[in-house]
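Data block below; observations after.
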Amino acid sequence: MTNKSGHLVIATGGTGGHFYPGLAVARAFQRQGGTVSLVVSGQHAANHIEAARKEGVVAFPCPAFKLPKGPSSCVCFGPRILFGVFRAKTILKQLGADFVLGMGSFASFPPCMAAVLSRLPLFLHDGNAVVGQANRFLSRWADCLALSLPLAPGQSTRCPTKVTGMPVRQRILQAVAVPEEKDRLSANLGLNSQRKTLLIFGGSQGAAFINNLACECAPRWGQSPVQIIHLTGQEDNRALVNAYAAAGIPAVVKGYEPAMEKVYAVADWVMCRSGGGTLAELALFGLPPVLIPIPGSSLDHQRLNAAVLERAGAAVVLDQKTLTPADVNQHVTSFFETPATWSERADKIRSFATPRAASAIVDMIYVETGKKRRRGHR
């Protein structure tokens, strides 16, 4: 195995927040001359496998399992784990894997545990400031854990860690490296590039609260020279469209936006949730956010992610449990009254940008594997 070779198997799946960073690492590994395969689990596995193949990356399905939620599901839990792990072990052997990278979540657990049983070098990636349960368990056998964000206080792992950042899709990186003309992008959306643009979205799980909040805030926002792009995550947007129209706010309201790079390029600041992938993209575009973490997210990771940026002075963080429209209105008003404060936040969030995150993870794999080989020869 030469310096830039070997077969990397990436275990991923579950949500797009785990799959697409894994796909970005796969492309980076290919560019450095290695062979790569994805082993994909979870309910969206078929769609993710198709997406990988369109990008020129081979992908294979692997059985996944969910944590038991009651006594009846506990009965089948053990056998399902064993089946998934030994099926993954067969896949790794058939592929001739040299090392395995797990992208977090229990969807990646069977191939990672199979790597342990096969005595293959194991690497992990976590997209949040708190290490997920699967990664925390697997870290006792891992060579290194790559982190998207510095870990929150009190966090610990059983293996070395390295802050590499969150790998993002190539089209996001391309849009940052070669920006499109803002006037043209704004015109395509029916917006005025001379007017300040607030981008609002809630993600796949947390949109409803933000949508309702925006309806309540709209009358006050209409007193500011603001225009809005609002991605609602739903099909019926009549209430929001009417609220913005009644307030006299130019607005683009749509359920989803497949080309997020275009709305990022138009936006001046953002109100959104605080998933790891979202924060990575905001940092690349230098967009200062008002963050509203989803209450009760797994291990409270959204709150802890947001706290990392808040401590750095890169974001405003609001608590959904106590949040009022007046709180949000205060920050929208401050954007126009104290622009220097928001420019400073924009500069600080850029310090979290990691355009080379995927390549940094590939480099980590080669470096740590090389160290292990050298120790083995002593």
Is the ring pair W141/F137 parallel, tilted or perpendicular, if the boundaries are 30 and 60 degrees? perpendicular

So, applying side chain to side chain contact (heavy atoms under 4.5 Å, CB included) with N211, which one of V253, N237, L240 is it? L240

Is K162 paired with D363 through a side-chain N to carboxylate O contact shorter than 4.0 Å? no

Checking S334 against W342: is there a side-chain donor and acceptor pair closer than 3.5 Å? yes

H331 side-chain N/O to V328 backbone N/O, donor-acceptor pair under 3.5 Å: no

Hits for side chain to side chain contact (heavy atoms under 4.5 Å, CB included) against S351, two or more places apart or cross-chain, chain-then-number order -> none

Report yes or no: do R273 and Q320 form a side-chain donor-acceptor pair below 3.5 Å? yes

Please check if the side chain of S118 supplies one atom and the backbone of L120 the other of a donor-acceptor pair under 3.5 Å. no

Going by atom types only, do S108 and H18 share a side-chain donor-acceptor pair under 3.5 Å? no

S297 side chain to H301 backbone, donor-acceptor under 3.5 Å: yes

In the single-linkage hydrophobic clustering (I, L, V, M, F, W, Y; side-chain heavy atoms under 4.5 Å), do L23 and F99 co-cluster? yes

Taking the basic N atoms (NZ, or NE/NH1/NH2) and the acidic carboxylate oxygens, is any pair closer than 4.0 Å for R345 and D347? no

Centroid separation under 6.0 Å, is that true for the rings of F123 and Y366? no

Are the charged groups of R136 and D126 less than 4.0 angstrom apart, N to O? no

When you look at CZ of R140, are more than 12 heavy atoms from neighbouring residues, nucleotides or ligands closer to it than 6.0 Å? yes

For the residue pair M166 and P21, what are the closest heavy atoms and their distance? SD-CG, 3.5 Å

Specify whether Y264 and F285 have parallel, tilted or perpendicular ring planes, treating 30° as the upper limit for parallel and 60° as the lower limit for perpendicular. tilted

Would you please say whether a donor-acceptor pair under 3.5 Å links the side chains of S186 and D183? no

Would you tell me whether Y20 and H48 have side-chain atoms, one donor and one acceptor, within less than 3.5 Å of each other? no

